[in-house]
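Here's the structure we're looking at; comments come further down.
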Amino acid sequence: MQLFDTLRREDCGIAPLDGKTYRFYCCGPTVYGPAHIGNFRTFVLQDVFRRTLETGGMRTLHVRNITDVDDKTIRDSQKSGQSLKAFTDQWKEKFHSDCDALACLPPHIEPSAVEHIPQQIAMIGALVEKGHAYVSDDGSVYFKISSFPGYGKLSRLDERELDLGKTQNARASSDEYEKDSISDFVLWKTRRDDDGENFWESPWGQGRPGWHLECSAMIQEYLGDTFDLHSGGVDLVFPHHENEIAQSRCACGGNFAAHWFHITHLLVDGGKMSKSLGNMHTLSDLREKGFTPMEVRYVLIGAHYRKQLNFTLDSLSGAKEALHKLAKSAAKLAENMGGETSLPAADFGLFQPAWDALNNDLNTPAALGAIFTGLREASKLTGNEAAAALAGLNRILKALGITLPETSGDDSEVPADIRELAETRWSARSNKDWATSDKLRDQLSALGWAAKDGKDGYQLSKL
RNA sequence: GGCGGAGUCGCCAAGUGGUAAGGCAAUGGUUUGCAAAACCGUCAUUCGUGGGUUCGAUUCCCACCUCCGCCUCCA
């Protein structure tokens, strides 16, 4: 497939460096609260990326970290009176269940920062030894940016106002740490009172690793000094990924990531998502509003990953209908197959354009559009042609991570009292007692149920 | 101020130097006791504004307007 590379700023062919397994790393969540849909846009699109590679027959090695020690996790664990581990475990669990609900494949390896302190200390040691890092008077260790000429390439610092020299002069006086240069970033934070019990021993005294370092250390551990691709939200380009490049290349040699894949932030109702605006949706919030995780996923893949996606409740409703339409079409195809069985497809058939779209810079919205277009043709088919179409459809849906809702109403979960009302209504209706029938229909809908009448019976569905 | 992105039907959203995918909504019809559901159909001569290049631009160039994001932790 072709994918836009953030560093090279052009579409690049995606293929494993070692010819066997495509190895990629995604910056994972900081587990100090529930992840929001903005976070999930990134994780869902990374999931589609992986599924696309795998659907194309590639083997993958997907590594995604858990940040379980930083300022926020320490601060909020103390606020809640829990140990750091108990606190982060609970949010890690929540994250996993949300990911499952959104049909995101779990990464093959999910290392946590706390579990890789020795690796991080070792990397800092290497950087100090090679002259890329220095120890300040208080025992903190900083990366010396001036020692790495390639610094700023990913985020194109030289084309922005962030001239390093200028930044130093502008901020040197306001920073509490002693540093050679203000832009130097911290690798090891010396222990402070408000860290509580959250500190580790190191050659530079008690403290904890800096945030940027954990990814570099874990990447080195599981993917080595050169691997295929590194991904995250756009906000991570600078300084996080820039710092990772500096740390890893200086400490380990190697080229670090061959490609960079960044997902643009989403907007909510046309603006930035923020707590103060009350538009910080979590998956749980949306479920309470009656939307399914699959509907959320559908919305999240409904715009190209390099464009801002305008997330609205209306688009979620649209997703609900669109998924329903897909499910109906798939059911009709199955019906039209007659006695044929739908075998796993060797190709995409009518849905080849959708597959092509995915492979063209992961164009998920174009792929979705192509699915509906293909379905229009598919609906005319019968027998083994319908079977082949259904197989192609299932294959492309799997690549997108979409599972279809049930088309036939599930009557098994109807409460007894609702069932009774509906039965009464049906008999009234059968007796052409329209007044009673309509009255009971209103009652049912007030209770949240809709009765859909057919020739020989009715079906109940939740409103 | 610097950097970057974007303005395409009511909403969401693809796309292209050759005349606008798709979804939602809306709307007409079939069906229905009436609805709902289902099914069939309709739905941008036009792509922020003004110029320019071109046989031809929504797509390229210039100017302008508007919006958004980043530049501090952030997916």
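Computation of the quantities below employed the complete heavy-atom set of this structure, encompassing side-chain atoms and omitting hydrogens, waters and symmetry-equivalent molecules.
Checking the phosphate oxygens (OP1, OP2) of B/G15, a side-chain nitrogen or oxygen of A/Asn363 falls inside 4.0 Å. Not one side-chain nitrogen or oxygen of A/Lys272 sits closer than 4.0 Å to the OP1 or OP2 atom of B/C68. Remark: A/His324 is in phosphate contact with B/A38, judged by side-chain N or O atoms under 4.0 Å from OP1 or OP2. Between B/C68 and A/Lys307, no contact under 4.0 Å exists linking OP1 or OP2 to a side-chain N or O.
Counting only Watson-Crick and G-U wobble pairs whose two distances sit under 3.5 Å, RNA chain B takes part in these stems of three or more pairs: B:1-7 with B:65-71, B:10-12 with B:22-24, B:26-30 with B:38-42, B:48-52 with B:60-64.
For A/Trp426, the ring pair (Phe, Tyr, Trp, His ring centres under 6.0 Å) test picks out A/Tyr458, with sequence neighbours left out. Residues passing the salt bridge (Lys or Arg N to Asp or Glu O under 4.0 Å) test with A/Asp438 are A/Arg441, sequence neighbours excluded. Take A/His62 and apply the ring pair (Phe, Tyr, Trp, His ring centres under 6.0 Å) test, not counting sequence neighbours, and it matches A/Phe24. Residues satisfying the salt bridge (Lys or Arg N to Asp or Glu O under 4.0 Å) criterion with A/Lys432, sequence neighbours excluded, are absent altogether. With sequence neighbours left out, A/Arg191 forms a salt bridge (Lys or Arg N to Asp or Glu O under 4.0 Å) with no residue at all. Applying the salt bridge (Lys or Arg N to Asp or Glu O under 4.0 Å) criterion to A/Asp5, with sequence neighbours excluded, gives no partner residue.
For the C1' atoms, the distance from B/G50 to B/C43 is 30 Å, rounded to whole Å. With both ends at atom C1', the span from B/U53 to B/C60 equals 8 Å, rounded to whole Å. With C1' as the reference atom, B/U8 and B/U66 are 16 Å apart, rounded to whole Å.
For the contact set between residues 433-447 of chain A and RNA chain B, defined by any heavy atom under 4.0 Å, the members are A/Trp434, A/Ser437, A/Asp438, A/Arg441.
Using modelled atom types, one finds no donor on one side chain facing an acceptor on the other under 3.5 Å when comparing A/Tyr32 with A/Asp70.
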**Study point:** Sequence-aligned protein contact record of nucleotides 19-24 of chain B, with B where the base is within under 4.0 Å of a protein heavy atom and S where only the sugar-phosphate is
**Key:** --BSSS
Under 3.5 Å donor-acceptor pairs involving side-chain atoms of residues 322-332 of chain A, not counting sequence neighbours:
| from | atom 1 | to | atom 2 | distance (Å) |
| --- | --- | --- | --- | --- |
| A/Ser329 | OG | A/Lys325 | O | 2.9 |

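Distance alone, capped at 3.5 Å, places no donor-acceptor pair between the A/Arg429 side chain and the A/Ser437 backbone. No side-chain donor-acceptor contact under 3.5 Å links A/Ser445 to the backbone of A/Gly448. A distance-only check finds a donor-acceptor pair linking the side chain of A/Asp228 to the backbone of A/Arg23 [under 3.5 Å].
A donor-acceptor contact under 3.5 Å links the side chain of A/Asp453 to the base of B/A35.
In this structure, the side chains of A/Phe49 and A/Met1 come closer than 4.5 Å at one or more pairs of heavy atoms.
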Considering only nitrogen or oxygen atoms on both sides, find all protein atoms under 3.5 Å from nucleotides 29-31 of chain B and state each distance.
none

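The aromatic ring of A/His304 does not sit over the base of B/A13, since the test of centres under 5.5 Å and planes under 30° is not met.
Each side chain to side chain donor-acceptor pair (under 3.5 Å) pair with one or both residues in residues 351-372 of chain A, not counting sequence neighbours, appears once here: A/His304-A/Asp361, A/Tyr305-A/Asp361, A/Arg306-A/Asp361, A/Gln352-A/Asp356.
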